Number of protein chains: 2
Amino acid sequence: MEQASGQRPLRADAERTVQAILEAAERVLSADPAATMEQIARAAGVARTTVHRRFTSRDALVDALAEWAARQFHDAVASAHPDSAPPLVALYQVTANVLRVKLGWGFAMGRSGPGNPEVDRVHAEVIEQCGGLFRRAQEHGVLRPDVDPEWARRVYYALIHEATRERSHSKAPERVDELATRVVDTLLQGVGQEGPPLTRDSGPKGTPRS
Amino acid sequence: MEQASGQRPLRADAERTVQAILEAAERVLSADPAATMEQIARAAGVARTTVHRRFTSRDALVDALAEWAARQFHDAVASAHPDSAPPLVALYQVTANVLRVKLGWGFAMGRSGPGNPEVDRVHAEVIEQCGGLFRRAQEHGVLRPDVDPEWARRVYYALIHEATRERSHSKAPERVDELATRVVDTLLQGVGQEGPPLTRDSGPKGTPRS
DNA sequence: AGAATACGCTACATCGTTGTTGCAAGTTGC
DNA sequence: GCAACTTGCAACAACGATGTAGCGTATTCT
């Protein structure tokens with residue numbers, strides 16, 4: 001077992017094949033989570049038997065995929081120094097980094113599920129870091145004191161996920177910055193006008209009271 | 001084809017069986033989208049063959065489920081009068097109604113996909129209504145003028161979806177109101193302190209250090 | 001009560017997917 | 001150039017899920 005993880009040094013072409021399979025699996029499985037090995041193999045431009053040679057089973061393949069994505073995810077968050085940089089800077093940096101990764105590996109990151117314990121461990125670690133960041137943000141007055149940090153984190157995740165569902169997947173760096181700005185803006189400010197909305201009546205416009 | 005849709009008047013007990021199957025399918029499929037007919041049948045308390053008697057195929061079952069959920073979704077939105085009530089009232093009402101439905105039928109609503117054209121039509125209609133509501137909200141000064149209405153709608157969907165992922169699924173009415181309040185609050189205000197965050201430097205704030 | 005309908009159960013046919021094996025041909029690396 | 005490695009291809013076995021059919025029994029409706 002564990003053929004995909006560098007058990008023994010693979011030859012150059014074999015290494016490329018593994019990479020091609022992983023990328024194809026990402027693409028195909030994000031479109032249809034129940035896709036067959038045949039579809040994945042065709043998308044990777046290899047024979048189905050070759051896929052089985054590199055990954056002992058279908059589960060092993062999606063496991064490797066999830067593990068690879070989890071590592072990318074972790075690195076994207078960690079490289080933004082979420083527990084040392086100023087909260088707002090770190091928040092933006094984390095957002096941009098994660099978006100960059102998730103734009104290309106959307107499938108493998110969503111389907112974490114209780115499968116690989118290693119993947120769960122990494123995800124929990126990331127949640128821990130995000131939680132710490134949000135706590136610091138709250139102490140620094142970036143977040144409102146009365147919001148549940150857990151809810152804030154989940155909203156944050158959801159916004160990032162939604163941002164990756166944008167039309168026209170141009171992975172250009174400036175596009176990522178634009179998306180990150182929108183995510184952070186929406187997270188902190190929402191989409192409404194200033195002023196507490198629910199405590200006031202439905203009073204339409206007229207008195208924006210600038 | 002089309003056995004589930006009242007082709008011919010079913011007997012009372014048969015009608016109940018159909019209902020039980022749909023509810024069980026919702027529960028089981030939300031836990032595992034690739035669940036077997038056997039699992040669904042067991043969960044419904046009937047034999048697998050009975051499921052096949054009521055639904056010609058597996059696809060027909062999930063189709064019926066999606067159609068049923070789409071109708072519920074549509075009714076939940078329409079009954080809030082999204083294009084006549086004051087925007088803020090309508091927004092809250094729509095949120096509460098949709099939450100009420102989705103708390104019990106989360107699976108069938110997420111998996112819309114390009115399957116049943118009727119389902120797609122209903123969903124498009126709902127999106128149309130939401131779009132109109134958000135446009136009116138913008139005109140009434142509830143939404144900021146510079147936000148993309150489409151982005152606002154997607155954020156709205158994501159927040160509702162996230163709210164249904166809460167621990168402890170108590171479908172108590174007051175719980176729904178609490179969730180709806182949180183969703184609308186977060187949508188309009190976000191989770192941050194007042195003031196534009198990204199234009200200012202990382203400086204935490206006016207020294208809250210109590 | 002009687003006819004129609006619905007259900008559970010068993011058995012069976014079919015199909016698609018998974019995973020394996022062997023061999024020939026092509027590629028890489030020394 | 002040669003040995004080791006890798007891939008494609010074809011064939012095969014095993015498995016689970018889907019869908020069908022028949023029969024005996026239970027329920028509903030009138």
Side-chain angles (χ1 to χ4, degrees), chain A residues 1-66 107 111 115-116, chain B residues 1-66 107 111 115-116:
Chain A
M1 45 199 92
E2 289 271 347
Q3 285 177 306
S5 303
Q7 190 83 321
R8 171 177 50 149
L10 290 173
R11 225 171 61 180
D13 53 347
E15 200 77 54
R16 267 174 302 177
T17 300
V18 169
Q19 199 72 16
I21 292 175
L22 285 176
E23 291 176 5
E26 158 59 32
R27 264 176 298 153
V28 174
L29 289 177
S30 69
D32 174 20
T36 59
M37 298 288 269
E38 180 71 37
Q39 297 174 255
I40 297 174
R42 301 283 290 189
V46 298
R48 185 175 63 90
T49 49
T50 300
V51 180
H52 277 108
R53 255 192 285 263
R54 295 291 159 227
F55 303 92
T56 50
S57 72
R58 191 182 195 280
D59 288 341
L61 173 56
V62 309
D63 249 40
L65 203 60
F107 162 75
R111 318 267 157 177
N116 194 331
Chain B
M1 49 201 91
E2 290 270 345
Q3 282 179 310
S5 303
Q7 188 82 320
R8 172 178 50 150
L10 290 172
R11 224 170 64 182
D13 53 349
E15 200 77 55
R16 265 174 301 170
T17 300
V18 169
Q19 199 71 17
I21 292 175
L22 284 176
E23 291 175 4
E26 160 59 32
R27 263 175 300 152
V28 174
L29 288 178
S30 69
D32 174 19
T36 329
M37 297 288 269
E38 180 71 37
Q39 297 175 255
I40 297 173
R42 303 282 290 190
V46 298
R48 187 175 61 90
T49 50
T50 301
V51 180
H52 278 109
R53 254 192 283 262
R54 295 292 159 226
F55 302 93
T56 51
S57 71
R58 191 181 195 279
D59 288 341
L61 172 56
V62 309
D63 249 40
L65 202 61
F107 163 74
R111 317 267 159 177
N116 195 329

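Remember, it's a predicted structure, so these values are computed and weren't measured experimentally. Note on naming: letters A, B, ... go to the chains in the order of the sequence lines (proteins, then strands), and numbering restarts at 1 for each one.
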Any side-chain heavy-atom pair from [X] and [Y] closer than 4.5 angstrom?
X	Y	value
B:R53	B:T49	yes
A:E15	A:R11	no
B:T56	B:L61	no

Atom-to-atom span, [atom1] of [X] to [atom2] of [N] - whole angstrom:
X	N	atom1	atom2	answer
A:H52	D:dA13	NE2	C1'	14 Å
A:I21	D:dT7	CD1	C1'	11 Å
B:Q39	D:dG16	CD	C1'	12 Å
A:E15	C:dG29	CD	C1'	15 Å
A:M37	D:dG8	CE	P	14 Å
B:F55	D:dT20	CZ	C1'	18 Å
B:R16	C:dT5	CZ	P	18 Å
B:E38	C:dC9	CD	P	10 Å

Legend entry - Residue pair B:L10, B:T17: steps toward the side-chain contact (heavy atoms from CB on, under 4.5 Å) verdict: CA-CA 10 Å; B:L10 290 172; B:T17 300; over 6 Å; no
Inset, instruction - Give B:R11 one of three labels, base, sugar-phosphate or nothing, depending on what nucleic acid heavy atoms sit under 4.0 Å from its own. - result: base
Inset, instruction - Pull out every residue in residues 42-51 of chain A that has a heavy atom closer than 4.0 Å to any atom of DNA chain C, ordered by number, or say none. - result: A:R48, A:T49
Inset, instruction - Measure from the side-chain N and O atoms of B:S57 to the backbone N and O of B:A60, and report whether any donor-acceptor pair falls under 3.5 Å. - result: yes
Inset, instruction - For the pair A:Q39 (side chain) and A:T36 (backbone), establish whether a donor and an acceptor sit closer than 3.5 Å, ignoring hydrogens and angles. - result: yes
Inset, instruction - Would you indicate which nucleotide in C:dT18, C:dC7, D:dG19 comes nearest to any side-chain atom of B:T17? - result: C:dC7
Legend entry - Polar side-chain contact A:R53-C:dG19 base: donor and acceptor under 3.5 Å: no
Inset, instruction - Take A:V62 and A:F55 through the side-chain contact (heavy atoms from CB on, under 4.5 Å) test and state the conclusion after the steps. - result: CA-CA 9 Å; A:V62 309; A:F55 303 92; over 6 Å; no
Legend entry - Of B:A14 and A:D13, the one whose closest DNA chain C nucleotide lies more 5': B:A14
